[in-house]
Amino acid sequence: MSERLPPTLVELSTRFTGLAVEHVDGEIERALRQLVEWLGTDRSTFFLIERDGQVRQTHTWVREGLPPAPASVISTIPWYTGRLAAGEVVAFSRLPDELPASAAGERAYAEAQGLKSILTVPVALGGRHVCALSTGALRDHRSWDEATIDSVRLVAQIIANAVHRKRTEEQLQTRLDE
């Protein structure tokens, strides 16, 4: 599984290089689809982590016929979002069984969604955790080795850089317009 990722990472990075701002969102969704296909998972989500620690879903991709990750759920899973804001990788192979007792909202979410496994990797830019990339399995349990975690981290870094560049260019354009 993970041995297929590195050559594709080069192609993915190349696609984002010099990409016009108006095409970044579409390319992120394409990258999320590819991540799901590479890993054999069922959905993938990209989150922004705001300065106040709030986590906001910005992009998602899910296999046809499966439920998308609901954007409104973030406020009901504080254990998970707290880990992301702290820069911790969240990796579970057997949900909801592996969740700690303090993750009641996450347990309810996993059961309601039928989520069997999840891997979420936060990314730091400028010394602050600013985003996270998640992929989850709804059909089968999955395990996450270090090579896979590292590959997902690289994909997340590529997307984070594109989002940062997009925000910077939009802010610059707003200032120029003023």
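What you see below is based on every heavy atom in this structure, not just the backbone, and it leaves out hydrogens, waters and symmetry mates.
- Between Gly136 and Thr41 the shortest heavy-atom distance is O-CB, 3.4 Å.
- Residue Ile158 is grouped with residue Val163 when hydrophobic side chains (ILVMFWY) are merged at heavy-atom distances under 4.5 angstrom, including chains of intermediate members.
- Between Val123 and Gln157, the shortest heavy-atom contact is CG1-OE1, 3.1 Å.
- Inter-residue side-chain proximity for Arg167 and Leu48 is flagged as met; some heavy-atom pair is nearer than 4.5 Å.
- Without hydrogens or angle criteria, Glu111 side chain to Pro96 main chain gives no donor-acceptor distance under 3.5 Å.
- Side-chain contact between Phe92 and Ser117 is absent, with no heavy-atom pair separated by less than 4.5 Å.
- Put simply, CZ on Arg63 and CG on Leu66 are 8.0 Å apart, with the number rounded to the nearest 0.5 Å.
- Proximity of Thr148 to Leu39: side-chain heavy atoms (C-beta onward) are separated by under 4.5 Å at one or more points.
- At least one side-chain heavy atom of Asp25 sits less than 4.5 Å from a side-chain heavy atom of Lys166.
- Relative orientation of the Phe47 and Tyr80 rings is perpendicular, given thresholds of 30° and 60° on the angle between their planes.
- Taken together through direct or relayed side-chain contacts under 4.5 Å among Ile, Leu, Val, Met, Phe, Trp and Tyr, Phe16 and Val152 form part of one hydrophobic cluster.
- Here the shortest heavy-atom pairing between Leu115 and Ala137 reads CD1-O, 3.6 Å.
- Between Val55 and Glu50 there is no side-chain heavy-atom pair separated by less than 4.5 Å.
- Nearest heavy-atom pair across Val36 and Arg43 is CG2-C, 3.5 Å.
- When atom types are taken as modelled, the side chain of Trp61 and the backbone of Gln34 share no donor-acceptor pair closer than 3.5 angstrom.
- The minimum heavy-atom distance linking Ala91 with Leu119 is given by the pair CB-CD1, 3.8 Å.
- To the nearest 0.5 Å, atoms SG (Cys131) and CZ (Arg56) are separated by 11.5 Å.
- With Glu106 contributing its side chain and Trp79 its backbone, the two residues share a donor-acceptor pair below 3.5 Å.
- Atom CZ of Arg128 is surrounded by more than 12 heavy atoms from other residues, nucleotides or ligands within 6.0 Å.
- The environment of NE2 in His129 is crowded: more than 12 heavy-atom neighbours from other residues, nucleotides or ligands sit within 6.0 Å.
- His141 and Leu95 make their closest contact through CE1-O, 4.0 Å (heavy atoms, listed as atom of the first residue, atom of the second, distance).
- Residues Pro122 and Val89 meet the side-chain proximity criterion, which asks for heavy atoms closer than 4.5 Å.
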* Apply salt bridge (Lys or Arg N to Asp or Glu O under 4.0 Å) to Lys116 and Asp42, showing your working. => CA-CA 10 Å; Lys116 297 185 182 302; Asp42 297 307; over 6 Å; no
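- Of the possible polar contacts, one joining the Thr60 side chain to the Ser44 backbone as a donor-acceptor pair under 3.5 Å is found.
- Here CG of Leu125 is found 5.5 Å from CG of Asn161. Values are rounded to the nearest 0.5 Å.
- Between His59 and Leu32 the shortest side-chain heavy-atom distance falls below 4.5 Å.
- One side chain, Thr120 or Ser134, offers a donor N or O that lies under 3.5 Å from an acceptor on the other.
- No salt bridge links Arg33 with Glu29; every basic N to acidic carboxylate O contact stays at or beyond 4.0 Å.
- For the atom pair OG1 of Thr135 and CZ of Arg142, the computed distance is 8.0 Å after rounding to the nearest 0.5 Å.
- Grouping the Ile, Leu, Val, Met, Phe, Trp and Tyr side chains by contacts below 4.5 angstrom, directly or via other members, places Val130 apart from Ile28.
- Of the charged side-chain nitrogens involved, at least one lies within less than 4.0 Å of a carboxylate oxygen, so that Arg153 and Asp150 count as a salt-bridged pair.
- Atom-to-atom distance recorded for Leu154:CG and Ile159:CD1 is 11.5 Å, nearest 0.5 angstrom.
- Contact of the Thr76 side chain with the Tyr109 side chain is not registered, since no non-hydrogen atoms from C-beta on lie closer than 4.5 Å.
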